[in-house]
Amino acid sequence: MGMSGLKLLKYVLFFFNLLFWFCGCGILGFGIYLLIHNNFNLLPSLTLGNVLIIVGSIIMVVAFLGCMGSIKENKCLLMSFFILLLIILLAEVTLAILLFVYEQKLNNYVSESLTDSIQRYHTDNSTKAAWDSIQSFLQCCGINGTNDWAGHPPASCPSDPQVQGCYAKAKLWFHSNFLHIGIITICVCVIQVLGMSFALTLNCQIDKTSQSLGL
């Protein structure tokens, strides 16, 4: 690979990461929006807004390292980009294994947290807004049904007395979209591996170019 190949590779990696930097900005902005409006905030320790803010920030940092490392042909930034992608990939694999192994414990934790949040429905505006949003979106009521609500169910519950609970509805939605979620997950992993491959290739090519120029 000559100088033209080196330039092509570095610009491919640059625009590849620039695109993901903008995606990170979008995810971060959406996370901040959800955090401000307190939507889908049922689990006190794990809100959707917080998750999106963390994910968006990580994507922006990693993409920034990739952009700067490629356009400046900086080996240190490229290796930092490679190492961060590797750590993220290993973390994703570890998380998937832990979710599979501790699935029952996770289900119990989610169920207990949802029960606690129902008790705060009338005293916490953010929890009320979250339950109303979830019940309207999934067309469900309570955790396991209308009996979870003491007294009359909220107006956001469907009028059908046999309506399913939100926990079962959410699991059903996940299983019905499992194929799409799996495809997206695989695509993300492939993109990460490609980014790591590009970074290593560009790093090696910088070495070769420097040696050929006697630097």
K.L.:
For side-chain contact (heavy atoms from CB on, under 4.5 Å), just list the numbers for Q164 and N144, CA-CA rounded to whole Å, side-chain angles, deciding distance to a tenth of an Å, and then say yes or no.
P.N.:
CA-CA 7 Å; Q164 281 186 297; N144 300 304; over 6 Å; no
K.L.:
For D148, which of L114, I118, T115 qualifies under side chain to side chain contact (heavy atoms under 4.5 Å, CB included)?
P.N.:
I118
K.L.:
Tell me the closest heavy-atom pair linking S70 and L78, and the distance in Å.
P.N.:
N-CD2, 3.8 Å
K.L.:
Can you check side-chain contact (heavy atoms from CB on, under 4.5 Å) on K10 and E73, steps first, answer last?
P.N.:
CA-CA 7 Å; K10 83 172 187 178; E73 300 180 20; 3.1 Å; yes
K.L.:
In terms of the angle between their ring planes, are F30 and Y33 parallel, tilted or perpendicular, with boundaries placed at 30° and 60°?
P.N.:
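Correct class here is parallel.
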K.L.:
Ignoring hydrogens and geometry, is there a side-chain-to-backbone donor-acceptor pair from N203 to A199 under 3.5 Å?
P.N.:
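The answer is no, because no donor-acceptor pair under 3.5 Å joins these two groups.
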K.L.:
Is it true that L28 and L19 fall in one hydrophobic cluster, defined by side-chain heavy atoms closer than 4.5 Å?
P.N.:
no
K.L.:
Measuring from L106:CG to F100:CZ, what's the distance to the nearest 0.5 Å?
P.N.:
13.5 Å
K.L.:
May I ask whether F82 and L194 are part of the same hydrophobic cluster, defined by side-chain heavy atoms of I, L, V, M, F, W, Y residues being less than 4.5 angstrom apart, directly or through others?
P.N.:
no
K.L.:
Spell out, as yes or no, whether a donor-acceptor pair under 3.5 Å connects the side chain of N17 to the backbone of F14.
P.N.:
no
K.L.:
Between R120 and D116, is the closest basic N to carboxylate O distance under 4.0 Å?
P.N.:
no
K.L.:
side-chain contact (heavy atoms from CB on, under 4.5 Å) between V61 and F64: does it pass, once the steps are laid out?
P.N.:
CA-CA 5 Å; V61 170; F64 176 78; 5.8 Å; no
K.L.:
Distance check, rounded to the nearest 0.5 Å: I54 atom CD1 versus I27 atom CD1?
P.N.:
12.5 Å
K.L.:
Just how far is it from atom CG of N177 to atom CH2 of W173, taken to the nearest 0.5 Å?
P.N.:
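These two atoms lie 5.0 Å from each other.
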K.L.:
Strictly by modelled atom types, are Q192 and E92 linked by a side-chain donor-acceptor pair under 3.5 Å?
P.N.:
yes
K.L.:
Would you say Q104 and N108 are linked by a side-chain donor-acceptor pair, where the criterion is simply a distance under 3.5 Å?
P.N.:
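Q104 and N108 do have a side-chain donor-acceptor pair below 3.5 Å.
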K.L.:
Counting only heavy atoms not in F16, do more than 12 fall under 6.0 Å of its CZ?
P.N.:
yes
K.L.:
Output the distance between atom NZ (K171) and atom SG (C166), rounded to the nearest 0.5 Å.
P.N.:
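Spacing of NZ (K171) from SG (C166) equals 14.0 Å.
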K.L.:
Using the rule that two of Ile, Leu, Val, Met, Phe, Trp, Tyr join whenever any of their side-chain heavy atoms come within less than 4.5 Å, decide whether I88 and L86 are in one cluster.
P.N.:
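Linked within one cluster.
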K.L.:
Should M196 and I191 be counted in the same cluster of Ile, Leu, Val, Met, Phe, Trp and Tyr side chains packed under 4.5 Å apart?
P.N.:
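Yes; I191 is reachable from M196 via cluster members.
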K.L.:
Any side-chain to backbone donor/acceptor pair from N74 onto L77? Under 3.5 Å, distance only.
P.N.:
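Checked: pair present.
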K.L.:
For residues C141 and T146, report the shortest heavy-atom separation together with the two atoms involved.
P.N.:
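Scanning both residues completely, I find the closest heavy atoms to be SG-CG2, 3.6 Å.
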K.L.:
Once you round to the nearest 0.5 Å, how far does SG of C204 lie from CG of L9?
P.N.:
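It comes to 10.5 Å.
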K.L.:
Check for me, please, whether V193 and I83 land in the same ILVMFWY cluster - side-chain distances under 4.5 Å, paths through other members count.
P.N.:
yes
K.L.:
For the residue pair Y121 and S117, establish whether any side-chain heavy-atom pair is separated by less than 4.5 Å.
P.N.:
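A side-chain contact under 4.5 Å is absent here.
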K.L.:
Quick one: does K169's side chain have a donor or acceptor within less than 3.5 Å of a partner on Q139's backbone?
P.N.:
yes
K.L.:
Measuring from atom CD1 of I183 to atom SG of C187, what distance do you get when rounded to the nearest 0.5 angstrom?
P.N.:
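SG of C187 is found 7.0 Å from CD1 of I183.
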K.L.:
Can you give me the closest heavy-atom contact between G195 and L13, atom names plus distance?
P.N.:
O-CD1, 4.3 Å
K.L.:
How about C140 and C157 - are their SG atoms less than 2.5 Å from one another?
P.N.:
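Unbridged: C157 and C140.
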K.L.:
Is it the case that atom CH2 in W149 sees more than 12 heavy atoms from other parts of the structure closer than 6.0 Å?
P.N.:
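More than 12 heavy atoms, drawn from other residues, nucleotides or ligands, come within 6.0 Å of this atom.
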K.L.:
Which residue, I59, I53, I58, forms the side chain to side chain contact (heavy atoms under 4.5 Å, CB included) with V55?
P.N.:
I59
K.L.:
Show your reasoning for whether side-chain contact (heavy atoms from CB on, under 4.5 Å) applies to W21 and V62.
P.N.:
CA-CA 8 Å; W21 188 83; V62 174; over 6 Å; no
K.L.:
Looking only at the side chains, is there a donor atom on one of W131 and S156 sitting less than 3.5 Å from an acceptor on the other?
P.N.:
no
